[in-house]
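Beneath this line is the structure, given in structure tokens, with notes to follow.
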Amino acid sequence: MIDLDKLTIKTAHEHLMKGDFSAVDLVKTYLAEIEKKNPELNAYLEVYDDVLEQAKVADERISKGENHPLLGIPLAIKDNILVAGKKATSASKILEGFVAPYDSTVISKLKKQGAVFLGRTNMDEFALGSSTENSAYGVTKNPHDTSRVPGGTSGGSAAAVASDMTLGAIGSDTGGSLRLPAAFCGVVGMKPTYGGVSRYGLMAAVSSFDVIGSLGKTVEDAQILFEAIKGRDVLDSTSIDSDSLSKKQLIIGVPWDLINQEGIDLKVKENFKKVVKNLEKLGYKIKDIKLPNCLALYYIINFAEVSSNLARFDGVKYGLHIDGKNLLEDYVLTRGQGFGKEVRRRILLGTYVLSAGYYDAYYGKAQKARTALKKEFTEMFKEIDLVLTPTSPIPAWKIGEKSDPLSVYLADVFTVTANIVGLPAISIPSGFMELEGLPAQAGKKLPLGIQFMAPHSGEDLLFEVGKKFLNEVL
Ligand code: GLN
């Protein structure tokens with residue numbers, strides 16, 4: 001019997017190498033767990049039919065003496081990352097039945113290292129949302145409380161890690177999509193520096209924000225996955241090799257003004273204050289810093305790039321096609337019925353902010369603000385080494401509770417900034433909050449998370465502080 005609860009990528013690797021169990025044994029255990037839990041949680045949209053064959057190949061490689069940290073390790077893949085020959089839909093009806101014609105760079109790297117792909121996971125359609133409620137294939141449920149959302153947009157991936165339906169997962173982050181679900185599900189979510197991981201084979205949402213990253217139960221696991229997928233790639237001209245930063249005494253900046261503003265849950269604040277005290281006890285210096293609320297800036301650029309990126313889905317080349325009387329009607333019918341409500345909202349708003357007459361007032365201004373923000377960060381990182389905030393201003397909400405899109409956007413207040421300026425960030429579990437009130441909630445606990453942001457290519461700093469915090473405080 002393999003005890004999945006305790007298992008991490010690191011320990012599973014040691015067991016595989018020692019021959020305590022085989023990769024086939026391991027994936028069989030995961031497949032059984034998926035069969036048991038996925039019908040309720042809906043974290044996987046599809047479990048691949050060749051999982052056992054993949055594991056057999058890994059076992060052969062192990063028996064020949066190969067040794068990679070991910071050899072034989074089962075992983076879940078977000079539905080917007082291409083795996084050759086497998087379906088990929090970005091959880092959209094418009095891509096129903098679409099089969100990936102090639103491997104994304106991330107997948108080729110993982111294949112070379114012998115990882116085993118269990119299946120593709122649920123997400124908000126085209127990675128637009130914060131709760132996985134915008135999937136065309138039903139919401140994923142939070143394993144800690146199935147009446148609540150798992151966060152988004154990589155909600156399927158985070159829920160799968162949290163419920164032991166995989167050891168680790170790969171997802172994407174445009175404005176918090178790895179970090180928010182990590183916080184809501186009590187796991188670690190890591191967003192690399194912009195370009196730190198190749199985007200080749202990732203379905204584009206906001207090309208100037210998008211980055212692929214990892215989810216795991218521990219900081220070590222998120223790091224192992226990042227190390228396996230990182231680096232410059234000739235197929236993505238924005239990709240880079242990361243350097244490694246290290247420092248003796250880290251100074252952590254905390255934007256108290258932003259954290260003390262209205263709309264931040266009191267228990268989130270309480271938990272965060274405890275975290276800050278504990279970090280001080282560990283010897284970190286804490287400094288008050290100023291950070292603006294970047295939501296308006298983020299969403300204007302998001303809408304603009306989404307409207308442009310999603311123009312390619314016209315029913316001619318990919319996925320769904322609905323016949324009209326002429327070509328224009330084909331487009332209108334296919335896009336009208338293929339895209340969900342949030343996607344259509346963003347296409348409309350994005351087209352508006354890019355239109356002649358409004359371009360300068362919205363998009364142009366947002367780009368100028370983005371440049372100014374980057375400069376502010378460069379200055380700020382002369383005085384501090386890391387920025388610390390809660391990951392989310394509120395804990396996981398009830399499924400269906402938020403009907404107004406603006407109130408959902410507000411959940412991203414702490415995460416979007418890292419994407420605007422392209423910096424690496426990590427979400428780490430920081431404990432639980434008890435639910436009170438309704439009798440049905442009594443005794444239930446929801447995970448909370450904190451976020452560290454580092455300077456460009458500062459992933460190592462995030463791993464260092466993250467490990468220290470999880471090992472010594474939590
Ligand atoms: N919640 C943000 C949005 O809806 C971020 C999503 C993401 O990171 N893909 O745009």
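Order of listing sets the numbers, starting from 1, for every ligand and every atom in it. Because only heavy atoms are used, hydrogens play no part in the values below, and waters and symmetry mates are left out as well, while side chains stay in.
- Of all the atoms in ligand 1, the ones that sit under 4.0 Å from a non-hydrogen atom of A127 are 6 (C), 7 (C), 9 (N).
- S208 and R370 are linked by a side-chain donor-acceptor pair at a separation below 3.5 angstrom, with hydrogens and angles left out of the test.
- In this structure, a donor-acceptor pair under 3.5 Å is absent between the side chains of R346 and S307.
- Residue pairs that meet the side chain to side chain donor-acceptor pair (under 3.5 Å) test with at least one member in residues 80-92, sequence neighbours left out, are D50-K86, D79-T89, N80-S172, S92-E125.
- For ligand 1, the polar-atom distance check against S172 finds no nitrogen or oxygen pair separated by under 3.5 Å.
- No side-chain donor from either of D233 and S239 sits under 3.5 Å from a side-chain acceptor of the other.
- Under 4.0 Å from ligand 1, not a single heavy atom of N419 appears.
- Taking each of F209, Y299, F126 in turn, the one with a heavy atom nearest to atom 3 (C) of ligand 1 proves to be Y299.
- Looking only at protein heavy atoms, the nearest one to atom 2 (C) of ligand 1 is D412 OD2, 3.1 Å.
- Protein heavy atom closest to atom 5 (C) of ligand 1, with residue, atom name and distance, is Y298 OH, 3.2 Å.
- Under the 3.5 Å distance criterion, with hydrogens and angles disregarded, no donor-acceptor pair is assigned to the side chains of W256 and Q261.
- Protein heavy atom at the shortest distance from atom 6 (C) of ligand 1 is S177 OG, 3.0 Å.
- Within ligand 1, the atoms closer than 4.0 Å to a non-hydrogen atom of T153 are 6 (C), 9 (N), numbered from 1 in the order shown.
- Assignment of K78 to the shell around ligand 1 is not supported, since no heavy atom sits closer than 4.0 Å.
- Side-chain contact of T334 with D314: a donor-acceptor pair under 3.5 Å is absent, judged by distance alone.
- There is a side-chain donor-acceptor pair under 3.5 Å between S147 and K398.
- When each atom of ligand 1 is checked for a heavy atom of G176 under 4.0 Å away, the hits are 8 (O).
- Counting only heavy atoms of the protein, atom 4 (O) of ligand 1 lies nearest to R346 NH2, 2.8 Å.
- Between the side chains of T121 and S157, at least one donor N or O lies within less than 3.5 Å of an accepting N or O.
- Atom numbering of ligand 1 starts at 1 in the shown order; those under 4.0 Å from a heavy atom of G175 are 5 (C), 7 (C), 8 (O).
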